[in-house]
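All chains are named by letter (A, B, ...) in the order of the sequence lines, taking the proteins before the strands, and each is independently numbered beginning at 1.
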Amino acid sequence: MTANQSESDGGRVESTQSASGAGGPEDEHAYSRGYLALVRLSFPTAILILAILYVENTFGNIRTENLYYPYFVIGLLIFFLGVVYTREIRRLLQVESDEKLTTSLRVAYDKWQRSIGLVIIGVVYIFLIEVIGFFPSTFVSMIAIMLVGGLRDPKLIIGGTSIVVALIYVMFVQGMGLAPPEGMFGI
Amino acid sequence: MALELVPEALGVLLTLENMAFIAVGVMFGMIAGSIPGFTGTNTVAIALPFTLPMSPEIALVFLSAIYVGASYGGAIPAVLINTPGTAGATATVLDAYPMSQKGEASKALGISILASCIAGIISAFIILLLLGPIGDFSFLFTNREIFVLGLFGLAAVAVAIGDNMIKGLVSGFAGLLIAAMPVDPTTGQRRLDFDFFGLYDEVPFVPVVVGLFAISELFYLINKRAISEDTKVNTSYGDILEGFRYAISKPVDLIRSMLIGLGIGSMPGAGTSVANFVSWGIAKNFSKKPEEFGKGNPEGVIASEGSNSAVTAGSLVPTLALGIPGSGTTAVMLAALLLHGVRPGPELMQEFALEANIVILSLFFANIALLVFAFSVSKYLVRIVSMPANIIVPAILALTVIGSFAMRGLMFDIWLMFIFGIIGFVMRKNNYSLIPMILGVILGPIIEGAFLRSMLVSSQDPMYFFGSTLAISLWIGIVLVLFGKPVYNILKGSIRSRTNFFD
C-alpha cells in the first residue's frame with residue numbers, strides 16, 4: 001500500500017487496482033507509442049475540443065462583458081493543457097517499444113474486454129429503457145452483464161436479477177415513490 | 001452563535017424518522033465500505049439521488065450517517081482479509097491483519113470499532129464548538145472573496161489530491177468549463193448546450209457525480225470475479241469486547257490520533273489516507289515498542305482508525321465553512337447540499353447555520369449507531385467481500401440508472417451519467433483526479449455568479465478582486481499553493497547539489 005493513496009480516484013484503494021489490473025498509466029514497454037498517445041492524449045484533447053467549441057459558439061454571439069469569466073477559465077485551462085501536452089509528448093518520445101498499434105489494441109482489448117462489454121450493454125440498456133421500460137430492460141441487461149462478467153450459474157443469474165429488480169421496485173417505487181422511466185408500452 | 005442553535009437542531013434531529021435513517025445510513029455505509037474499492041465517496045454518490053424525496057434535514061442526516069458507516073466499514077476487510085475497504089483504512093491493515101494472523105482478529109475488530117466511535121464522537125463535539133467562530137468568519141466574505149475563494153479551493157484540492165498538480169488543475173478547470181455550458185446567467189443566451197434541453201439551464205450535477213464516481217468504478221469491478229475468497233476467520237463477541245477494553249485503556253493514543261485526523265481532515269483535499277498514515281507514523285514514534293508496528297501492534301490500529309474516523313468530522317469543516325471539500329466524500333456531500341437547496345460556500349454558515357448544526361450533531365448519533373451495529377454484525381460483513389463482482393456490478397448499474405433519472409425525470413440524465421462514467425474511467429486511467437472536476441461542476445455556477453456580481457459592482461474593474469485584505473490573502477494563498485511545492489523542490493535540489501543537508 002502506498003501512503004499517498006488518496007480518495008482521488010473515488011476512494012479506490014491500491015489493492016483493488018492491482019487486483020483488477022486497473023488504474024494508473026499503462027506499462028510503457030507493453031504498448032506501442034501510438035496506443036499510448038491515444039490513451040494519454042484522449043482526455044486533454046477532448047477538453048481542448050470542448051473549449052474550442054465553446055469559443056466558437058459564444059464569440060460574437062454574447063456580449064463581451066459576459067464572456068470574461070468563461071474565457072478566463074478557458075485561458076487558464078488551455079495553459080494547463082499546454083503543460084500536460086508538453087509533458088505527455090516528451091514522455092511519449094522517450095518510449096522505446098517495438099509493438100504495433102494493432103497489437104497493442106488487441107492486448108488492451110483482451111485486458112479490458114469485460115469493461116468494453118459493460119459499455120456496450122450499458123448503451124443498449126439505456127436505449128432499451130426508452131423502448132420497453134425500466135424494469136424489463138433492467139432484467140434483460142442485468143442478465144447480460146452477469147454473463148459478460150463470467151457468471152454461468154443460471155440459478156444465481158435469475159435469482160440475483162429477480163431479487164435486485166424486486167428490491168428496486170419495493171424500496172424505490174413503492175417505498176420512496178420514485179417513478180422509473182417508462183417505455184413505449186407504458187411498463 | 002452556532003451553539004445557541006444546538007437545542008433547536010436537536011429538536012429537529014431527535015425524531016423517530018431521523019433515528020431510523022441514521023441507523024439505515026450507518027448500516028448501508030458499513031456494508032458498502034466493507035467492499036474493497038467501494039468507498040464512502042461512491043456510496044454517498046449512489047445514495048445521493050435517492051434522498052430527493054426526503055426533506056433537506058433528513059437527507060443530510062442520512063448521507064452523514066452513510067459517511068460515518070463507510071469510514072468504519074473499510075476497517076472490516078482490513079482486519080479480516082488484509083484488504084482495506086477504503087483508502088482511509090490502508091494503514092489499519094499494517095497492524096490489524098497481523099493481529100488476525102496471530103488469532104486476535106476479534107480484538108482488532110473491537111479496537112477498530114471503539115477507536116472509530118470514540119474519535120468520531122469527540123471530534124464531532126469539537127467541530128460543534130468551532131461552528132460559531134466559523135460562522136462569524138464567514139461574514140467577511142462578499143462576492144469578491146467568494147470568487148477568489150472558489151479559485152483557491154480548486155487550486156488547493158488539485159494540489160492536495162492526486163499525484164499530478166497540473167492534471168488536477170486541468171480536471172478542476174474542465175469542471176468549471178462544463179458548469180459554464182448552459183445559458184448565460186444574466187442574459188439567458190445559450191452558450192454550449194449542443195441543443196440538448198437537459199443542458200439548457202444547468203448541468204445536472206447528480207448524474208455527473210454518480211457517473212464519475214460510481215459508474216467509472218464499475219468498469220474496474222467487472223474485471224474481478226470476487227474481491228476475496230478468504231473469509232474463514234474465527235471471531236467472537238467476547239474477544240471484540242476485549243478489544244474495547246484495550247482501546248479504552250489507551251486514552252492518550254486515542255486522543256492523539258483523533259486530533260491528527262481532525263487537523264488533517266480540516267485541510268481542504270487532504271483526505272483520510274493522508275491522516276491515517278501520518279497518525280500511524282506518529283504513534284510509532286511515540287510508542288514504547290516501535291519495532292512491533294507493522295507486526296500486529298494494537299496501538300497501530302488505534303492510530304489509524306481513530307484518525308480516519310476524526311477525518312469524517314474534520315473534513316466537514318472546510319466543506320460547511322467555505323464550500324471546499326476536505327475529502328472525496330465531502331465533495332459529494334457538497335452536491336447533496338446543493339440538491340437540497342443549501343448553497344455551499346461561506347454564505348452557508350450565515351443562511352443555513354441550523355442545517356450545519358444538524359449535520360454535525362447527526363455525527364454523534366451516527367457514531368453511537370455505529371457502535372451498536374459494528375459490534376453486532378462486523379464479523380458477518382466479511383462475507384460481503386466474497387460476493388461475486390459480476391452480481392454487484394449490474395445491481396449498482398440498475399440503482400444508479402433509476403437514481404439519475406429520479407431528479408428531473410429525463411432520460412438525458414441517464415445518458416449523461418453513463419458518458420461521465422466513461423469520462424471518469426479515462427481520467428482515472430490517466431491519473432486525472434476526479435474530485436477537482438466534481439468541485440468545478442458544483443462550484444462553477446457559484447463562482448461565476450460571484451464574478452458577475454463583482455464585475456457589476458465594480459463597473460467591470462478587474463482590480464476590484466484585489467481590493468480587500470481577505471481577497472489579497474486568498475490570492476497569496478493561491479500562489480503559495482501552486483508554487484510552494486515546485487519552489488521547494490527547486491531549492492531542495494539546489495541545496496542538495498551543494499551540500500549534504502538532505503542526505
### Summary
Ranking A:L156, A:I157, A:L147, A:V84 by heavy-atom pairs under 4.5 Å to chain B gives rank one to A:V84

### Message
Taking side chain as everything from C-beta outward and backbone as N, CA, C, O, which of these in A:Y68 sits under 4.5 Å from a heavy atom of chain B? Side chain, backbone, both or neither.
### Response
both

### Query
Just wondering, do B:I414 and A:P181 contact through their side chains at under 4.5 Å, heavy atoms?
yes

### Query
Given a strict heavy-atom distance threshold of 4.5 Å, which part of A:V123 is in contact with chain B: side chain, backbone, both, or neither?
both

### Proximity breakdown for A:E56 and chain B, heavy-atom pairs closer than 4.5 Å
neither

#### Entry: Side chain / backbone / both / neither for A:L118 at chain B, heavy atoms under 4.5 Å
both

### Task
Answer yes or no: is there a donor N or O on one side and an acceptor on the other, between the side chain of B:N430 and the main chain of A:V39, under 3.5 Å?
yes

### Query
Per the side-chain contact (heavy atoms from CB on, under 4.5 Å) rule, which among B:R191, B:R190, B:Q189 passes with A:T58?
B:R191

### Summary
One option among A:I126, A:N57, A:T138 has the most heavy-atom pairs under 4.5 Å with chain B, and it is A:I126

### Query
Would you call the rings of B:F147 and A:F72 parallel, tilted or perpendicular, where under 30° means parallel and over 60° means perpendicular?
tilted

### Query
If every non-hydrogen atom of A:R63 is compared with every non-hydrogen atom of B:T187, which pair is closest and at what distance?
NE-CG2, 4.2 Å

#### Entry: Short side-chain to backbone donor-acceptor contact, A:Y54 and B:A180, under 3.5 Å
yes

### Summary
Value for CE (B:M411) from CD (A:E130), rounded to nearest 0.5 Å, stands at 4.0 Å

### Query
Relative to chain B, which segment of A:F127 carries a heavy atom at a distance below 4.5 Å: side chain, backbone, both, or neither?
both

### Summary
Residue from B:F405, B:F418, B:F451 scoring the most non-hydrogen pairs under 4.5 Å with chain A is B:F405

### Message
Could you walk me through whether B:F173 and A:I74 satisfy the side chain to side chain contact (heavy atoms under 4.5 Å, CB included) test, starting with their C-alpha distance in whole Å, then the side-chain angles of each, then the deciding distance to 0.1 Å, before giving a yes or no?
### Response
CA-CA 8 Å; B:F173 278 81; A:I74 288 172; over 6 Å; no

### Task
With a 4.5 Å cut-off on heavy-atom pairs, point out which of B:V393, B:I438, B:V426, B:D184 contacts chain A the most.
B:D184

### Query
Which bit of A:A51 comes within less than 4.5 Å of chain B, counting heavy atoms only: side chain, backbone, both or neither?
both

### Query
Given a strict heavy-atom distance threshold of 4.5 Å, which part of A:L50 is in contact with chain B: side chain, backbone, both, or neither?
both

### Query
Is there a side-chain contact between A:R87 and B:K167 (heavy atoms, below 4.5 Å)?
no

### Message
Heavy-atom pairs under 4.5 Å with chain B - which of A:I47, A:N61, A:L77 has more of them than the others?
### Response
A:L77

## Note on the structure
From the list A:V119, A:L167, A:V164, the residue making the most non-hydrogen contacts under 4.5 Å with chain B is A:V119

### Query
Given side chains that start at C-beta, do those of A:Y125 and B:V401 come closer than 4.5 Å, heavy atoms only?
yes

### Query
Among B:I423, B:I422, B:I402, which has the most heavy-atom pairs under 4.5 Å with chain A?
B:I402

